[in-house]
4 protein chains.
Amino acid sequence: MIRLGMIGGGQGAFIGGVHRLAAALDGQYDLVAGAFSSNPGTSKASGQLLGLSAERVYGSYQELIEREKQLPESERVQVVSIVTPNHLHFAPAKLALENGFHVILDKPMTFSLAEAKELQAVVEASSCHFCLTHTYTGYPMVKEARQLVASGELGTIRKVYVEYPQGWLSAFEEGTANKQAAWRTDPTKSGLAGAMGDIGTHAFNLLEYVSGLAVTQLCADINTVVPGRKLDDDGAVLLRLSGGASGVLTATQVAAGEENNLRLRIYGEKGGLEWQQADANTLQVKWLDRPTEIRRAGTGYVGSFARHNTRTPAGHPEGYLEAFANLYRNFALTLQAELAGETASPEALDYPGIADGVRGMAFIENVIASGRSDRKWTDFTV
Amino acid sequence: MIRLGMIGGGQGAFIGGVHRLAAALDGQYDLVAGAFSSNPGTSKASGQLLGLSAERVYGSYQELIEREKQLPESERVQVVSIVTPNHLHFAPAKLALENGFHVILDKPMTFSLAEAKELQAVVEASSCHFCLTHTYTGYPMVKEARQLVASGELGTIRKVYVEYPQGWLSAFEEGTANKQAAWRTDPTKSGLAGAMGDIGTHAFNLLEYVSGLAVTQLCADINTVVPGRKLDDDGAVLLRLSGGASGVLTATQVAAGEENNLRLRIYGEKGGLEWQQADANTLQVKWLDRPTEIRRAGTGYVGSFARHNTRTPAGHPEGYLEAFANLYRNFALTLQAELAGETASPEALDYPGIADGVRGMAFIENVIASGRSDRKWTDFTV
Amino acid sequence: MIRLGMIGGGQGAFIGGVHRLAAALDGQYDLVAGAFSSNPGTSKASGQLLGLSAERVYGSYQELIEREKQLPESERVQVVSIVTPNHLHFAPAKLALENGFHVILDKPMTFSLAEAKELQAVVEASSCHFCLTHTYTGYPMVKEARQLVASGELGTIRKVYVEYPQGWLSAFEEGTANKQAAWRTDPTKSGLAGAMGDIGTHAFNLLEYVSGLAVTQLCADINTVVPGRKLDDDGAVLLRLSGGASGVLTATQVAAGEENNLRLRIYGEKGGLEWQQADANTLQVKWLDRPTEIRRAGTGYVGSFARHNTRTPAGHPEGYLEAFANLYRNFALTLQAELAGETASPEALDYPGIADGVRGMAFIENVIASGRSDRKWTDFTV
Amino acid sequence: MIRLGMIGGGQGAFIGGVHRLAAALDGQYDLVAGAFSSNPGTSKASGQLLGLSAERVYGSYQELIEREKQLPESERVQVVSIVTPNHLHFAPAKLALENGFHVILDKPMTFSLAEAKELQAVVEASSCHFCLTHTYTGYPMVKEARQLVASGELGTIRKVYVEYPQGWLSAFEEGTANKQAAWRTDPTKSGLAGAMGDIGTHAFNLLEYVSGLAVTQLCADINTVVPGRKLDDDGAVLLRLSGGASGVLTATQVAAGEENNLRLRIYGEKGGLEWQQADANTLQVKWLDRPTEIRRAGTGYVGSFARHNTRTPAGHPEGYLEAFANLYRNFALTLQAELAGETASPEALDYPGIADGVRGMAFIENVIASGRSDRKWTDFTV
């Protein structure tokens, strides 16, 4: 069992609970410590509910890192999971890494691209491992999609579409009890972008991960649809990618009635693929001149990456929590391999890392810059 | 029965046959004359196969119009259906209208916007009726969608997405026996645009029809993906619309493995809708805070426009030919009402006309101009 | 053009209109005569609405046959289409055949099995052709399914499921203005069975057609669910088939909220297939150890029977009317081949005939007998 | 944390791993002891892999119960989870209950109905809680379905269909390395039934759970399709239920190409519902005269039972493991309420228990008896 400490995720938070479910599923992590809130009382109460020893529930992330470091190596936290709002990502991550703790960090990686680059330097200077929780690349059929593109069977990729429509911010929720809405639409906590940061970065990461291509230029239409909102809640982006492909990325939080309908389509010279979260265990593979294939998670014919990231045979749907748990599981397998002096498998090493985080932050800055520009194309710079 | 004459649509053509099926379905038209090809032999042979009297199969559209006009009013063609390639739309349409024949014309309406405006003047100066075959607005659940938006139930429209992916031009088909590919990719026959004219105009028309909004600005990425091709085969367009909505239109002919997957989504403050041709008898209506509704053609609860455009009860799927036939049928009902000295119903009058055609040609010119421009936004001018 | 006369199908009828649409679609038939109702006034009015010459609208089927027979061969009706309620199938069909008219007859074929066998003898003694409108076997992907089973690719068939749920008779509609409900639930018009005759026979025909197997034994649970109804409105039937397969057939008219959800699944040693009317242009082909295939109508890879029965390329959905029209079209092609002294193609000859009708009536009698029996298995006797 | 001991589930087993994932997900159980195999070496090795202390890995279930009982109450196992093949369910469950351990038991509950009734007496005589892992009733939208039926909104239930097609036993797998196939087709381990016990009982339980009705009579066609197989691998069953409803249950393991396509449909006077595992987060609710509703897990409008059994907001698909975990979670909540001297909520108490197990075993005996009988209807006796 890997000893896990958590920063953030106290009562009322959303993603902290998801991280705990993901960490628990495969029985590889033991949550032993936490600084669950900057409010010490909330932190204590949260820790108690989670069954932690009171002495390992801390009032701040600094305290957690300092105190855990003083514990014997066999007791102290090995991995710190940071699940705070965006403006509170960088400092605890840096401190943890500099003190020898491996880090799992929620996305978007930091508050700004500058922070992201600085964090990259910290990771590279450390001997620690780093995982960024871009959940959607944890789905087995997303991995199958990536393996399919990489195999060359679709031919050179020409066209990519990724879309992430949500409807939950269709009304002005900022003044309500909805804590999620409050910080995600607050530029002092969320950063430069709203929807583009919260879900646009997911779509961007998914697109680059599966296609194996890098965005090189973009042209963005960024909107704040709901009156009074301080950040963007909608955007559409034309893309140019390495290798000559082009594409479209859309992300919106005002598509009333939509849940979380992330969908990816990629087309090459000979065929295409389609994956959507609402039917996550399926990958459609389309061909120019033969029937569309319905490839399914858990079957005997999928590739090694899909297989590695599935727990049950075909016909037992796995979902969002399993995808999230795949990140935790692969990170654990990587650490365990290192502790055992072994080389982790390519499948275990396949989780999002610091480079994804830097590109994600560059996406935010570039897409917002393009949204404000009169020029059609903005070069994607990092 | 309305007496129909056809220009174009000889052996080997695609859309001519579709027009004939559409005209035949409801038993309202009698195909009595044709100039099916500019090659008189092909025209004759085609007419014979279709069972026409040899004396009413003509060698040119001019001959058809001139000779039919000399026939007694009770015998001569009443409606001319023009199903030639784009460069051969304007001249026969103009001649027919000027000689008192009603016209059904395939889309895009003309070879250029200038021709479109001239044709508009001709229509307005005549006492003839004019129908442009934007097929997709003939589907009953598209009409239901339009009626839903118009009812205001979705609130003010904020976001629109329309996409039309095809894969049939993924390879260089121009040199093959594929006649459809040949003329559609030939700038001397197709006009300024390839994919944008052939299918982009359909997507554009569908979007404006259902949303009730007008595109006011656009920003286009227009590509010729297949080497050697002379016109665009792919494009993505950011849109701004009247009333403050924004949107995305994509149309491509290089999405390998896709058939004809026209899909429309529109979101307002309170809910959204989704329709796709592959499941044409269904309209999904999504709401902020209650279950998605699956509205179905042929049921008792759909509106008057959907009901009027359906022939069978729910559960008997109607398709593309029925949608096409709805255009012919409504045009016939309009003419019959006029002949009877009655007023046609709003449902009968609801078919695409000359104004749709002018906007479609403007779309082509604006979208291609935007594709060539470095400015982000191009005003939509007519 | 083949000259068509219609018996039944006057104002207010449902299936008569469908027959006319089906006959019209491909422009092969010319409706020139009719006895649309046993009420001469209704017949006249219906004929007038359909644009027929008044002198060829008759007051009875006897009059139609007698008078048409006196017309010159080049003018008189060639095919009689009979679209009356079940109790009025046999007599006009027999009279027509005995007077040399080809017959298209709606299903179920007759009022009783005895009538069916007598009609079979009449057909065999005549030189006329006979078509029974089991619509669903007209769908191209149903034909693809049949061709797939026949190819042996699925291995020996082991298991078949066919289901036909409707909800339109969930309430007692008999006393309302619903003419369809009235006669279909009236044993003096419908015959021995309600749901089993109206839709059970369709399911049965579809099953035997695609599987190529014959039902040899059955065990039925037949219910009249709605109080006051005189015939069955629901049933489920265990089946044993030739070749050792077993299966289940269900048909119900009290599945509230269902439209017309005919669905067929067939499994062999190596794979299975699934088709449903609600997605009629798709055939799912499932395999033991490789991805499910989505085969689509209109593609280049489907077999000759599917191709022959499709009018448009893939992506242009065809539906119920096209399936119905395929029966008319193939019947026309068969007659035309005969008139031309040629042999009709296997694809043209592939429409339901007298033998299907006899088996359908046997199904009704056997299934009702089984429903009344305490024995588990009833032999399927004809 | 509840201290969990496991009996069975050693290396190579399937369902034991699923139980561990389910127990881990919500962090309510701590696996502290196990007798993972009747082979002591395998048990030890399995326990080591799972990170258990060697001294709490036992060589037999008797040893586990005896030795754990001697531990202080604050250390010893509280719940025993039994995941052995069917013939090894009864004895360890009885021994555990008689020694004061709560029991979670895999289905079907026992080897025979006689054992089931005896176990029921043991449970009732004890003060222990008992949970039977009929996974599918753990899905939130299955609970929503049950709540909908119970609300009366659909009216009196008339018709029920449940089907469970699998394809994994289409070939003779018994001689292969497939351990799952080996014991499940072995009458000395599986019991009287193969498919009917393995998946038929799931379908039966789901049907009675959601409909709130009890099967009163059945008529079964039970088949062994694959040559050489010793137990049934296919069956179809006509049902009569309390309240006058009728239905059909099918379960097969030879539907080549099917995964685990459990599907339930229930129809009342006013509407119906449809749920299928392949789209587990959706419940379709159909109405006689208004659009079908797509109800989704995680939304604000679902009932208290669905809400209680969901971890994430709408749009984050939860699957089979979450459904399984809901059983563990509700069992834990029930125990924790008891330990706290509180009353568990109706939602927490909603997990399958001993009565479900007895009815499941009765189903097996009745369905096999019916399969062997020549009489049509067999009374469902317990």
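Sequence lines set the chain letters: A, B, ... in the order given, protein chains first and strands last, and positions in each chain run from 1.
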Where does [X] contact chain B at under 4.5 Å (heavy atoms): side chain, backbone, both or neither?
| X | answer |
| --- | --- |
| A:R265 | side chain |
| A:Q284 | neither |
| A:A245 | neither |

Do you know which of B:Q217, B:K376, B:R240 makes side chain to side chain contact (heavy atoms under 4.5 Å, CB included) with A:D221? B:R240
Among the options [options], pick out the one with the most heavy-atom pairs lying under 4.5 Å from chain B.
| options | answer |
| --- | --- |
| A:G257, A:P291, A:S370, A:S246 | A:G257 |
| A:G268, A:S373, A:G247 | A:S373 |
| A:G272, A:G155, A:S170, A:G244 | A:S170 |
| A:V237, A:L238, A:V225 | A:L238 |

Quick one: are [X] and [Y] in side-chain contact, heavy atoms under 4.5 Å?
| X | Y | value |
| --- | --- | --- |
| B:R158 | A:D234 | no |
| B:V254 | A:Y267 | no |
| A:E274 | B:E258 | yes |

With the threshold set at 4.0 Å, does a side-chain nitrogen-carboxylate oxygen contact exist between A:E163 and B:K159? no
Taking every heavy atom of A:E269 against every heavy atom of B:A256, the minimum-distance pair comes out as O-CB, 4.1 Å
Toward chain A, the part of B:K270 with a non-hydrogen atom under 4.5 Å: backbone
Test side-chain contact (heavy atoms from CB on, under 4.5 Å) on B:Y161 and A:T252 and set out the steps. CA-CA 12 Å; B:Y161 301 105; A:T252 187; 3.5 Å; yes
